[in-house]
Amino acid sequence: MALFKPKALECQLQNVKGFEKPKVKLEQYVTSPHIAAHMLHTIQSTFDDLEGKFVADLGCGCGVLTIGAALLGAAQCVAFDIDPDALEMFTLNVNEFDICNIDTVLCDVRFIPVSWKKTFDTVIMNPPFGTKHQQGIDLQFLHVALNLAGKSVYSLHKTSTRKYVMQKAESWGAKPKVLAELRYDLPATYKFHRKHSVDIDVDLIRFNLE
Amino acid sequence: MVFRCAVHNMKLLTHNMLTSKCMKGVTVGYPLGIVAKDIKVSETEFNSEFVSRIIPKLDWNALWKAADSIGHSGDLPQQLMEDYENNEEFLKKVHHVLLEVEIINGELVCPESGRKFPISQGIPNMLLNEDEL
Ligand SMILES: C[S@@+](CC[C@H](N)C(=O)[O-])C[C@H]1O[C@@H](n2cnc3c(N)ncnc32)[C@H](O)[C@@H]1O
């Protein structure tokens, strides 16, 4: 399969619609097509972790990461989210593409049973960073992801928490490596900020499990 | 020809992983029973390497029973055969049951508590109420 160039992938992903009424409590904002395309392109071109692989997307939202993974040749994808409205949009989005190999499950990612150990090859996610209401949810997602994946996990984390995230990951048996530092344009609602949006520093981290 | 999937639905591959184990009072919660109201059988691209890689991760017995319970086990053997990696015919059967038989609407049923988890528009709803945790 010919690998989409980042630009072409980004173009495709611009057709993925975002949340209709984002729920602040669930930290619903999309990964921009630009970031998603670069992230997924790196995952495939540098690590060969998408094509032919069994891929999970935790907190899939409207699906930009899952759809991108499928476009880059993932064999099967399973996408999880807690919000039925997000999954409805997800379904509409998937139907715009020529993709059949995606399943969705409506569930709380934190309660995916441990018995699913190493079910997937690769887990991709843009997890909630954790707000006042759900502190630590980013690491809860990471813990579940590291259990689900056989080969690697790719996730976005606030740069300010890097040290802690890396330490935790190592204690859970993974080898973390920061692949990129990104500037993330977070809608102001998530920062209780007066500006329309704020930039925060985010790391794309690969957690190696092999 | 462009083949468009109208919707994506719950495949038996996904069913093979789901449990209700996290519910209060449930110890295994596996495999979940299936009550299928609408089933769709589609045709998807066969990838023998993927199928043979996924087989060791499956609970074969649960897969066979699930397929059988909805009338789609076809001639899939009840016992997993040895040396299946090079048996293309067998892998195709597994591909069909795992990835081409899809549930659109119905229910998943916890074998211990009887709790029903609705499947609607192809999406199983595994959310639990607070008092079930
Ligand atoms: C930052 S958004 C990312 C959305 C999407 N993956 C993307 O990249 O555009 C986080 C997603 O996690 C979901 N979420 C929040 N808490 C969750 C939980 N406990 N279990 C499952 N999903 C959850 C939200 O509904 C939201 O869709």
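Hydrogens, waters and symmetry mates are skipped; everything else that's a heavy atom, side chains included, is used. What you see is a predicted model; the values in this text were computed from it and never measured.
Remark: the B:Asp38 side chain and the B:Asn105 side chain contain an N/O donor-acceptor pair separated by less than 3.5 Å.
Proximity to chain A involves both the backbone and the side chain of B:Asn125, based on heavy atoms less than 4.5 angstrom apart. Residue B:Ile54 touches chain A through its side chain alone, counting heavy-atom pairs closer than 4.5 Å. In this structure, chain A has heavy atoms under 4.5 Å from both the backbone and the side chain of B:Leu18. Both the backbone and the side chain of B:Ile123 come within less than 4.5 Å of a heavy atom in chain A. Heavy-atom distances place the side chain of B:Lys57, and not its backbone, under 4.5 Å from chain A. Interface residue B:Leu133: only side-chain heavy atoms are found under 4.5 Å from chain A. Both the backbone and the side chain of A:Lys53 come within contact range of chain B, judged by heavy atoms closer than 4.5 Å.
A side chain to side chain contact (heavy atoms under 4.5 Å, CB included) with A:Leu58 is found for one member of A:Val153, A:Val109, A:Leu142 and no other, namely A:Val109. A:Tyr154 pairs with exactly one of A:Asn126, A:Thr122, A:Asp49 by the side-chain hydrogen bond (donor to acceptor under 3.5 Å, both in side chains) rule, that one being A:Asp49.
Ring pair B:Phe50/A:Phe54 is perpendicular by interplanar angle, where above 60° counts as perpendicular and below 30° as parallel.
Ranked by non-hydrogen atom pairs under 4.5 Å with chain A, the options B:Ile119, B:Asn47, B:Leu99 are led by B:Leu99. Contact tally against chain B (heavy-atom pairs below 4.5 Å) for A:Ile82, A:Val78, A:Ile102: the top residue is A:Ile102.
Taking the six-membered ring for Trp and the full ring otherwise, A:Phe80 and A:Trp116 have centroids separated by under 6.0 Å. Taking the six-membered ring wherever Trp is involved, the centroid distance between the rings of A:Phe19 and A:Tyr29 does not fall below 6.0 Å.
Once rounded to the nearest 0.5 Å, the distance linking NE2 of B:His72 with CG of B:Leu12 reads 9.0 Å.
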